[in-house]
Amino acid sequence: MHCPRVWRAVSALSRGTAWRSQSTSTSLDLSGIYPPIATPFMASEDVDYRRLEENLLKYAQVPFKGLVVQGSNGEYPFLSAEERVEVVRAVRQSLPQNKLLMAGSGCESTRATVQLTEKMASAGADCVLVVTPCFYKGKMDSRVLIHHFTQVADQSPVPVVLYSVPANTGLELPLEAVVTLAQHPNILGLKDSGGDITRIALIVHRTSTQRFQVLAGSASFLMAAYCVGAVGGVCALANLCVSGRWDEAKALQQRLIEPNTAVTRGLGVPGLKAAMEWFGFHGGSCRSPLQPLTEAQTQQLRKDFSNNGWI
């Protein structure tokens, strides 16, 4: 196992681009588990802040390292920029100060991402999660993406975590772009939701001198990601891995795969919100155009959870 790695400010030059060092020298250790929380909505599709706070009280009882807010599970593409910031502000007010808040600030344009990143930092985010712009994905090659993330990181008041989620964007952040961006003093790590363990292992290896931190973006491959040097992910399995309880971790990983695949690769946010209700959290409605599960989908999802001993 790799020891936890921390971000530090260093000077870096790559491909002729000068990156100024950041004014902060605060180290930020990402190692741990971060639930990517959902945004509960009322039947009117307004954000349900009361139920969000109730969810946060329940999260506070579990020893997570922190929370990811306004990630893919937060339905961020359907929220206005003002709503995205307000949700982050509400979470920060309820979240214990010793819990890290990672806020999604990615937008399609570099300019909008820079502006939203600054607002997320002001709302209390400890770091920001920046997804790859993808509407013009045919033009999003390494050169363009390196320029985009560099501009964001240069101007961000808090550390930046890259976010590659090809299942949603149709675009995987190229390996060479990740390796280059890892040299930036204000780029902390990567949340990789692609699930290619060979790629994750190679990223860990090729960025080891930059103290770059990789998070597994799904419970389906969390144990495997830990084995090759990832520092965290999205479920309690990681605590078993870190303590060396590999037999228990293996058993838990196997039980997680089927329900996790049903939600993340099949039913998406509506499936997640339905499952949250079964475990005492408020999923709430989705914001249109997402629709609730059909009865047949609900029954199959419940079967996936019950067959693996979760309900």
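For this chain, numbers begin at 1 and follow the sequence in order.
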Undergrad: When you look at Val91 and Val88, which way does the side-chain contact (heavy atoms from CB on, under 4.5 Å) test go after all the steps?
TA: CA-CA 5 Å; Val91 172; Val88 169; 5.7 Å; no
Undergrad: To the nearest 0.5 Å, what is the distance between CG (Leu145) and SG (Cys134)?
TA: 10.5 Å
Undergrad: With a 4.5 Å heavy-atom cut-off, do Leu52 and Leu56 have their side chains touching?
TA: yes
Undergrad: Would you confirm whether Lys65, through its side chain, and Asp29, through its main-chain N or O, come within 3.5 Å as a donor-acceptor pair?
TA: yes
Undergrad: Check whether any side-chain N or O of Ser208 sits under 3.5 Å from a backbone N or O of His205 as a donor-acceptor pair, and report yes or no.
TA: yes
Undergrad: What pair of heavy atoms forms the shortest contact from Gly71 to Tyr76, and how long is it?
TA: O-CD2, 3.3 Å
Undergrad: Quick one: does Ser288's side chain get under 4.5 Å of Phe78's, heavy atoms only?
TA: no
Undergrad: What pair of heavy atoms forms the shortest contact from Ser105 to Val128, and how long is it?
TA: OG-CB, 3.5 Å
Undergrad: Quick one: are Glu86 and Leu79 in side-chain contact, heavy atoms under 4.5 Å?
TA: no
Undergrad: What is the minimum heavy-atom distance between Glu108 and Phe135, and which atoms define it?
TA: OE1-N, 2.8 Å
Undergrad: Could you please spell out the steps behind the side-chain contact (heavy atoms from CB on, under 4.5 Å) verdict for Thr150 and His184?
TA: CA-CA 8 Å; Thr150 299; His184 193 291; 4.2 Å; yes
Undergrad: Is there a donor-acceptor pair under 3.5 Å between the side chain of Gln253 and the backbone N or O of Met223?
TA: yes
Undergrad: Could you grab the distance from atom OG1 of Thr110 to atom CG of Asp154, nearest 0.5 Å is fine?
TA: 11.5 Å
Undergrad: Are the side chains of Ile203 and Val179 in touch, meaning some heavy atoms are under 4.5 Å apart?
TA: no
Undergrad: Check the pair Leu256 / Leu222 against side-chain contact (heavy atoms from CB on, under 4.5 Å), numbers first and verdict last.
TA: CA-CA 10 Å; Leu256 281 167; Leu222 181 61; 6.0 Å; no
Undergrad: Is the backbone of Gly232 close enough, under 3.5 Å, to the side chain of Ser31 for a donor and an acceptor to pair up by distance?
TA: no
Undergrad: Hey, does Val178 have a side-chain heavy atom less than 4.5 Å from the side chain of Arg199?
TA: yes
Undergrad: Indicate if Trp310 and Val62 have the same hydrophobic cluster label, given that clusters are the connected sets of ILVMFWY residues with side-chain heavy-atom separations under 4.5 angstrom.
TA: yes
Undergrad: Please report the shortest heavy-atom distance between Leu293 and Ala274, naming the atom on each side.
TA: CD1-CB, 3.9 Å
Undergrad: Donor-acceptor pair, Ser306 side chain versus Lys303 backbone, under 3.5 Å?
TA: yes
Undergrad: With side chains defined as the heavy atoms from C-beta onward, is the minimum distance between Gln213 and Pro159 less than 4.5 Å?
TA: no
Undergrad: Taking Thr132 for the side chain and Leu173 for the main chain, is one N or O donor matched with an acceptor at less than 3.5 Å?
TA: no
Undergrad: If you compare all heavy atoms of Ala125 against all heavy atoms of Val158, which two are closest, and at what distance to 0.1 Å?
TA: O-CG1, 3.6 Å
Undergrad: Salt-bridge test for Asp126 and Arg92: reply yes if a basic N is under 4.0 Å from a carboxylate O, no otherwise.
TA: yes
Undergrad: Enter the distance from Asn186:CG to Leu181:CG here, rounded to the nearest 0.5 Å.
TA: 12.0 Å
Undergrad: Should the heavy atoms of other residues, nucleotides or ligands under 6.0 Å from NZ of Lys99 be counted, would the total exceed 12?
TA: yes
Undergrad: Should Glu54 and Arg51 count as an ion pair when the cut-off is N to O under 4.0 Å?
TA: no
Undergrad: If you look at every heavy atom in Ile187 and Phe212, which pair is closest and at what distance?
TA: CG2-CE1, 3.9 Å
Undergrad: Quick one: does Thr298's side chain get under 4.5 Å of Arg302's, heavy atoms only?
TA: no
Undergrad: Counting only heavy atoms from other residues, nucleotides and ligands, does the tally under 6.0 Å from CG of Asn98 exceed 12?
TA: yes
Undergrad: Could you measure the distance from the OG1 atom of Thr169 to the CE atom of Met140? Nearest 0.5 Å is fine.
TA: 11.5 Å
Undergrad: What pairs meet the ring pair (Phe, Tyr, Trp, His ring centres under 6.0 Å) rule with one or both residues in residues 275-304, with sequence neighbours excluded?
TA: Tyr59-Phe281, Trp278-Phe305, Phe279-Phe305
Undergrad: Starting at OG1 of Thr39, measure out to CD of Glu83 and round the result to the nearest 0.5 Å.
TA: 9.0 Å
Undergrad: Are Met42 and Val269 connected into the same hydrophobic cluster when the rule is that any two of I, L, V, M, F, W, Y join if their side-chain heavy atoms are below 4.5 Å apart?
TA: no
Undergrad: Just verifying a value: how many Å separate Leu67 CG and Met102 CE, rounded to the nearest 0.5 Å?
TA: 10.0 Å
Undergrad: So, the side chain of Thr261 versus the backbone of Ile257: is there a donor-acceptor pair under 3.5 Å, distance only?
TA: yes
Undergrad: So, the side chain of Gln300 versus the backbone of Ala262: is there a donor-acceptor pair under 3.5 Å, distance only?
TA: no
Undergrad: Any salt bridge between Lys273 and Glu277, counting N to O under 4.0 Å?
TA: no
Undergrad: How about Met120 and Arg84: do any of their side-chain heavy atoms sit closer than 4.5 Å?
TA: yes
Undergrad: Please check if the side chain of Glu75 supplies one atom and the backbone of Cys286 the other of a donor-acceptor pair under 3.5 Å.
TA: no
Undergrad: Could you check Ile37 against Val68 for side-chain contact (heavy atoms from CB on, under 4.5 Å), going step by step and ending with a plain yes or no?
TA: CA-CA 6 Å; Ile37 67 171; Val68 170; over 6 Å; no
Undergrad: Is the shortest distance from a Lys or Arg side-chain nitrogen in Arg89 or Glu82 to a carboxylate oxygen in the other one below 4.0 Å?
TA: no
